[in-house]
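All remarks here apply to the structure that follows.
Keep in mind it's a predicted model, so treat the numbers as computed, not measured. Numbering starts at 1 and runs along the sequence shown.
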Amino acid sequence: ISDDFGNLHDASHAGRFGNLLTVNGRQPQPLAARGGERIRLRLINAANARIFGLDFGDHRPQIVALDGQPVTPHAPPEGLVVVGPGMRTDLILDMTGAAGSRHQVMDRYYPRQTYQVTEIAYADRPLREQVPDWPLALPPNPLREPDLDSATRHEVVFNGGMMGGRMMQEMGGPMASMPMARMQRMMQDGRMWFVNGVAADGHAMAPVLTLDRGRTYVIAMANATAFPHPMHLHGHAFRVISRDGAATPHREWRDTVLMTPGERVEIALVADNPGDWMFHCHILEHQAAGMSAVVRVA
């Protein structure tokens, strides 16, 4: 294993991808299938930095749960199942291929780094003539619904990283007026990602937000950086209610939301779990270099 995991280039860019992919701790093996099967597949991204955008080819997955929370069954946008670090996705896959056929599963998230993850390998004999027509929807979990009419609103801006100065000038936020020389000194010190203008240094820090227990909050988040960030809030589930001002079609429950560069995302939650909770980017190089904060529920 390489001994340079702390290098600043990885930390200031997209994180360290590495060059070896494993599935369930092993080099990828074909996914065995039989015609007529319906498979529920849970994808858990345990990579420290790599975001996956999985293309199942002629198979048409239906997403039925996100981060362990049921969602209205739907096809993934643009046909790619996108799973960032720390995120989980439950799929239904209907096995409609021919007996003995093999089908590639590709990762297409990074356009210049497309590669085959694994393949679906059909047995010579099908299980049944056609896939079953069973309902896909899962029963909801007992979560408290946010009351948006009474919600208190907070804003959180994520800054930093390579090309962060340009993004701050375009999107503003707490660091938009920080002198470039000061930012460069902090980055050389290894603190290069910021939550509302503060780079975490360890885990003992003042809370970025203090929430009253039992109340509804809307947190409006802005990714004023040049890189994606899967933002994870410990201790709570939240609804993703809008992206760049447009309502989300499924208002999905999540505990980690992937934000693309320049994107604005609104989440809504009931602060029903008291304590100090970590709120951080799940790309671990970003978290270690400052993109971490505490949300206090009092």
Any idea how His236 and Trp277 line up, ring-wise: parallel (<30°), tilted (30 to 60°), or perpendicular (>60°)?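 Because their plane-to-plane angle is over 60°, the rings of His236 and Trp277 count as perpendicular.
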His229 vs Phe158 aromatic rings, parallel, tilted or perpendicular, using cut-offs 30° and 60°? tilted
Could you list the cluster mates of Met106? Members are the ILVMFWY residues connected by side-chain heavy atoms closer than 4.5 Å, either directly or through other members.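 Met106 shares its hydrophobic cluster with no other residue.
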With ILVMFWY side chains joined below 4.5 Å, transitively, what does Val218's cluster contain besides itself?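 Its cluster mates, by chain and number, are Leu148, Ile241.
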Can we call the ring centroids of [X] and [Y] under 6.0 Å apart?
{"X": "His234", "Y": "His280", "value": "yes"}
{"X": "Phe279", "Y": "His232", "value": "no"}
{"X": "His103", "Y": "Tyr122", "value": "yes"}

Should Thr248 and Arg243 be marked as a side chain to side chain donor-acceptor pair (under 3.5 Å) after you check the CA-CA gap, both sets of side-chain angles, and the distance that decides it? CA-CA 7 Å; Thr248 55; Arg243 289 183 178 271; over 6 Å; no
Who passes side-chain hydrogen bond (donor to acceptor under 3.5 Å, both in side chains) against Arg213, sequence neighbours left out? none
The side-chain hydrogen bond (donor to acceptor under 3.5 Å, both in side chains) partners of Asn45 (sequence neighbours excluded) come to none
Scan residues 68-85 for pairs that pass side chain to side chain donor-acceptor pair (under 3.5 Å), counting only residues two or more places apart or in two chains.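 For residues 68-85, and leaving out neighbouring residues, the side chain to side chain donor-acceptor pair (under 3.5 Å) pairs sorted by first residue read Gln69-Asn141.
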Can you give me every donor-acceptor pair (side chain of residues 17-34, partner residue at least two apart or in another chain, under 3.5 Å) with its distance?
| from | atom 1 | to | atom 2 | distance (Å) |
| --- | --- | --- | --- | --- |
| Gln29 | NE2 | Gln27 | O | 3.3 |
| Arg34 | NE | Arg125 | O | 3.4 |
| Arg34 | NH2 | Pro126 | O | 3.4 |

Arg128, CZ: over 12 other non-hydrogen atoms inside 6.0 angstrom: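 Yes, the 6.0 Å shell around CZ holds more than 12 heavy atoms from other groups.
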Check whether any side-chain N or O of Glu263 sits under 3.5 Å from a backbone N or O of Thr260 as a donor-acceptor pair, and report yes or no.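 Checking the backbone N and O of Thr260 against the side chain of Glu263, a donor-acceptor pair under 3.5 Å is found.
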With side chain to side chain donor-acceptor pair (under 3.5 Å) as the criterion, how do Asn223 and Thr225 come out once you've worked through the C-alpha distance, each side chain's angles and the decisive distance to 0.1 Å? CA-CA 5 Å; Asn223 178 7; Thr225 83; 2.7 Å; yes
